[in-house]
Amino acid sequence: MLLLTNGTVITHDQDNRVIKNGAVLIDGEEIKALGEAELLKSKYPEAEIKDVKGKIIMPGMINTHMHIYSTFARGMDLKTEQPPRHFLEILEKMWWRVDSTLKADDVYYSALYAFLTGLKQGVTTVFDHHASYGQVRYSLDLIAKAVEELGIRADLCYEISDRNGPEQSQDSITESESFLRKIREKDMDHLNGRIGLHASFTLEDETLEQVSALADELDSSFHIHVAEGRTDLEDSRLRGYNGAVKRLDQYNIWRPGTMAIHGVHLQEGELEILRDNDCYLINNPESNMGNAVGAAPLKEALAKGLKVGLGTDGYTTDMFESIKFANLMLKHQNRDPRLGWTEIPQMVFKTNAQLATETFGPQLGVLKEGAAADIIVVDYKPPTEINSDNTYAHILFGINGGMVDTTIVKGRILMENREVQVVDDEKITHETGEQADDFWRRF
């Protein structure tokens with residue numbers, strides 16, 4: 001047993017308890033007890049002690065939408081005469097070229113570096129949406145290899161799309177099916193998958209019929225971009241539907257657990273479709289701002305009872321950073337400084353945790369007896385009191401991913417005192433840089 005002691009424990013439980021001079025006892029992969037430090041030390045004298053010296057002890061962060069394949073795009077020259085003018089050109093001139101250039105080693109190192117960076121910033125669970133049309137087959141196995149080496153939790157999918165023609169479309173379906181069947185046989189609580197789809201405007205009717213039948217067979221939900229840019233809306237209208245959600249609804253894409261990503265250009269009645277089918281709407285504020293596509297109707301979605309989570313879309317690996325942007329964007333969009341104080345913590349600490357718990361089995365995103373021992377220690381010693389009423393304000397204004405000191409997943413210490421314990425951090429960074437140089441030459 002391991003006892004994290006002498007810290008301020010932020011539980012994110014139902015009562016949002018804060019335990020000052022607190023401790024958390026880890027037994028195997030679960031939390032056995034939490035409470036006052038001296039009490040637990042006396043009650044469990046056999047436990048190994050880790051004194052966190054007044055730092056914050058809190059649940060690991062959960063990122064519900066990521067693109068690890070974007071790693072090598074950082075700082076890259078697009079080699080085009082004119083920069084992208086709108087979202088579709090961003091896809092055409094950048095992201096679709098990136099995923100068509102990716103080969104096996106690129107996929108592996110992109111994953112290893114992105115997941116490692118997130119781990120160092122306190123992210124213990126990632127929902128990734130992958131595309132590598134230069135290496136479709138076995139690409140999810142390569143990402144899973146990185147997940148295993150680092151010891152994090154991840155939900156993986158391959159982005160099925162018809163944009164590159166029928167042959168690659170079928171390859172992407174085959175890759176999705178093959179990976180899902182493999183991991184279902186193993187029944188793991190740290191690695192999961194679902195069927196990934198790009199977006200309505202790159203999916204033909206026949207493909208939607210095929211993946212819907214596959215989802216029925218495999219008892220899978222979907223992970224899909226929806227109404228991110230106006231292209232998705234306009235394409236749906238050309239096909240006879242007033243909105244991408246309404247079109248996809250005809251093919252039973254909206255089913256319990258399906259993740260609808262972005263939802264910026266949703267039309268009347270579409271929030272209700274997602275809610276009534278027990279889906280999740282995942283907001284990605286930095287990406288939406290960076291691509292200038294607009295802002296998701298979060299206020300309306302939450303008011304209608306839709307489950308809304310928070311991701312990063314590959315824009316960053318730092319969920320603390322995403323929290324800050326989500327807060328600002330919600331206030332700015334609605335011109336109301338009162339917003340954000342309850343909506344954003346609900347999204348990131350409750351809904352993300354609910355999705356992760358449903359996905360992996362163990363209770364995630366909370367510190368309580370019997371919950372998974374996915375825990376981070378943050379080197380934050382505030383000038384003011386932390387209590388159950390103001391934890392979000394401290395996280396919002398005081399904490400960033402660079403302050404994470406220790407990361408624990410399933411009771412295993414992955415990083416301690418800012419030193420990664422499970423892999424050679426410097427070696428991976430060096431090898432990733434070399435692979436990125438090779439990728440840039442091919443791009």
Discussion item. Is it true that E358 and Q354 share a donor-acceptor pair across their side chains at a distance under 3.5 Å?
Written reply: yes

Item to complete: Work out which heavy atom in L150 is nearest to a heavy atom in L112; give both atom names and the distance.
Response: CD1-O, 3.8 Å

Discussion item. More than 12 heavy atoms of other residues, nucleotides or ligands under 6.0 Å from NE2 of H86: yes or no?
Written reply: yes

Discussion item. Can you give me the closest heavy-atom contact between H12 and G365, atom names plus distance?
Written reply: CB-O, 3.8 Å

Fill in: Sidechain-backbone polar pair: E175 side chain, L140 backbone, donor-acceptor under 3.5 Å
yes

Practice prompt. Output the distance between atom OH (Y158) and atom CD1 (I173), rounded to the nearest 0.5 Å.
Written response: 11.5 Å

Discussion item. Does D424, at its CG atom, have more than 12 non-hydrogen atoms belonging to other residues, nucleotides or ligands within less than 6.0 Å?
Written reply: yes

Worksheet item: Quick check: does any side chain N or O of E343 sit under 3.5 Å from a backbone N or O of L302, one acting as donor and the other as acceptor?
Response: no

Worksheet entry | Short N-O contact, K145 and E149, less than 4.0 angstrom | yes

Fill in: D205-Y251 side chain donor-acceptor pair, cut-off 3.5 Å
yes

Worksheet entry | Backbone of T174 reached by a side-chain donor or acceptor of S178 within 3.5 Å | no

Worksheet item: Taking 4.0 angstrom as the limit, do R255 and D219 come out as a salt bridge?
Response: no

Worksheet, complete the sentence: Distance col, row I253:CD1 vs L274:CG, nearest 0.5 angstrom, shows 12.0 Å

Discussion item. Checking side-chain polar atoms at under 3.5 Å, does R239 have a donor or acceptor matched by the opposite partner on Q250?
Written reply: no

Item to complete: Determine yes or no for a side-chain-to-main-chain donor-acceptor pair under 3.5 angstrom, with N63 supplying the side chain and T312 the backbone.
Response: yes

Worksheet entry | Short side-chain donor-acceptor distance under 3.5 Å, N16 and S388 | no

Practice prompt. Answer whether the closest heavy-atom distance between the side chains of M329 and N283 falls below 4.5 Å.
Written response: no

Practice prompt. Taking all non-hydrogen atoms of both residues into account, name the closest pair between T316 and D318 and its distance.
Written response: OG1-N, 3.1 Å

Worksheet entry | Least distance between heavy atoms, I395 atom then F349 atom | CD1-CZ, 3.7 Å

Discussion item. Against H67, only a single residue in H198, H223, H129, H130 fulfils ring pair (Phe, Tyr, Trp, His ring centres under 6.0 Å); can you say which?
Written reply: H129

Fill in: Residues M61, Q121; criterion side chain to side chain contact (heavy atoms under 4.5 Å, CB included); working and verdict
CA-CA 9 Å; M61 301 298 286; Q121 295 166 333; over 6 Å; no

Practice prompt. Using the side chain to side chain contact (heavy atoms under 4.5 Å, CB included) rule, take Q168 and R163 through it: C-alpha gap first, then chi angles, then the decisive distance, then the call.
Written response: CA-CA 9 Å; Q168 286 207 320; R163 65 178 178 268; over 6 Å; no

Worksheet item: Any side-chain heavy atom of Y69 within less than 4.5 Å of one from D128?
Response: no

Worksheet item: Is D15 paired with K368 through a side-chain N to carboxylate O contact shorter than 4.0 Å?
Response: no

Practice prompt. Could you point out which residue of V404, T8, I386, D405 forms a side chain to side chain contact (heavy atoms under 4.5 Å, CB included) with Y380?
Written response: I386

Worksheet entry | Lys/Arg-Asp/Glu bridge criterion (N-O < 4.0 Å) met for K182, D141 | yes

Worksheet item: Taking the side chain from R153 and the backbone from D189, do they hold a donor-acceptor pair closer than 3.5 Å?
Response: yes

Discussion item. Does this structure show an ion pair linking E431 with K427, if we count only N-O contacts that are shorter than 4.0 Å?
Written reply: yes

Worksheet item: CZ of R442: more than 12 outside heavy atoms within 6.0 angstrom?
Response: yes

Worksheet item: Okay, side chain of E416, backbone of L414: is any donor-acceptor separation there less than 3.5 Å?
Response: no

Fill in: Closest non-hydrogen atom pair between D171 and R137, with its separation
O-CD, 4.3 Å

Fill in: Verdict with supporting geometry, D438 and K103, salt bridge (Lys or Arg N to Asp or Glu O under 4.0 Å)
CA-CA 11 Å; D438 181 65; K103 299 297 183 183; over 6 Å; no

Worksheet item: Does N284 reach the main-chain N or O of D313 with its side chain, forming a donor-acceptor pair under 3.5 Å?
Response: yes

Item to complete: Begin with the C-alpha distance, continue with both residues' side-chain angles, and end with the deciding distance and a verdict on side chain to side chain contact (heavy atoms under 4.5 Å, CB included) for K246 and I273.
Response: CA-CA 8 Å; K246 291 175 182 175; I273 292 173; 3.9 Å; yes

Worksheet item: Side chains of T64 and Y280: closer than 4.5 Å at any heavy-atom pair?
Response: no

Worksheet item: Does some side-chain heavy atom of I183 sit less than 4.5 Å from a side-chain heavy atom of L156?
Response: no

Discussion item. Just so I know, are the side chains of F222 and C157 near enough to count as touching, which here means a heavy-atom distance under 4.5 Å?
Written reply: no

Worksheet entry | CG-NE2 distance between L339 and H332, expressed to the nearest 0.5 angstrom | 13.0 Å

Worksheet entry | Residue pair V107 / Y138, side-chain heavy-atom distance below 4.5 Å | no

Worksheet item: Just by distance, do the side chain of D374 and the backbone of T124 share a donor-acceptor pair under 3.5 Å?
Response: no

Practice prompt. Please assess V366 against Q14 for the test side chain to side chain contact (heavy atoms under 4.5 Å, CB included), listing each intermediate value before the final yes or no.
Written response: CA-CA 9 Å; V366 62; Q14 185 175 357; over 6 Å; no

Worksheet item: Should the pair R230 and F87 be classed as cation-pi, given the thresholds of under 6.0 Å to the six-membered ring centre and 45° from the axis?
Response: no

Discussion item. Please tell me whether T258 and N277 have a donor and an acceptor in their side chains that are separated by less than 3.5 angstrom.
Written reply: no

Worksheet item: Can you check whether D232 reaches H262 side chain to side chain, under 4.5 Å on heavy atoms?
Response: no

Practice prompt. Check for a donor-acceptor pair, side chain of S220 on one end and backbone N or O of I195 on the other, with a separation under 3.5 Å.
Written response: yes

Worksheet item: Is a side-chain donor-acceptor pair under 3.5 Å present for T359 with D155?
Response: no

Worksheet entry | Between S236 and R247, a side-chain donor and acceptor under 3.5 Å | no

Discussion item. Tell me if the OH atom of Y108 is crowded by more than 12 foreign heavy atoms within 6.0 Å.
Written reply: yes

Worksheet entry | Any donor-acceptor pair under 3.5 Å from W254 side chain to V245 backbone | yes

Discussion item. With rounding to the nearest 0.5 angstrom, report the CG to CG distance, L197 to L248.
Written reply: 8.0 Å

Worksheet item: Got a second to check how far L310's CG is from M347's CE, nearest 0.5 Å?
Response: 4.5 Å

Response to the item:
On a heavy-atom basis, the closest approach of F439 and M76 is CE2-SD, 3.8 Å

Worksheet entry | Any side-chain heavy-atom pair of L78 and P84 under 4.5 Å | yes

Worksheet item: Can you find a side-chain donor-acceptor pair between D106 and Q435 that sits under 3.5 Å?
Response: yes

Item to complete: Identify whether the distance between the nearest side-chain nitrogen and carboxylate oxygen of R181 and E217 falls below 4.0 Å.
Response: yes

Worksheet item: CD/E159 to OG/S132 distance, rounded to the nearest 0.5 angstrom?
Response: 10.0 Å

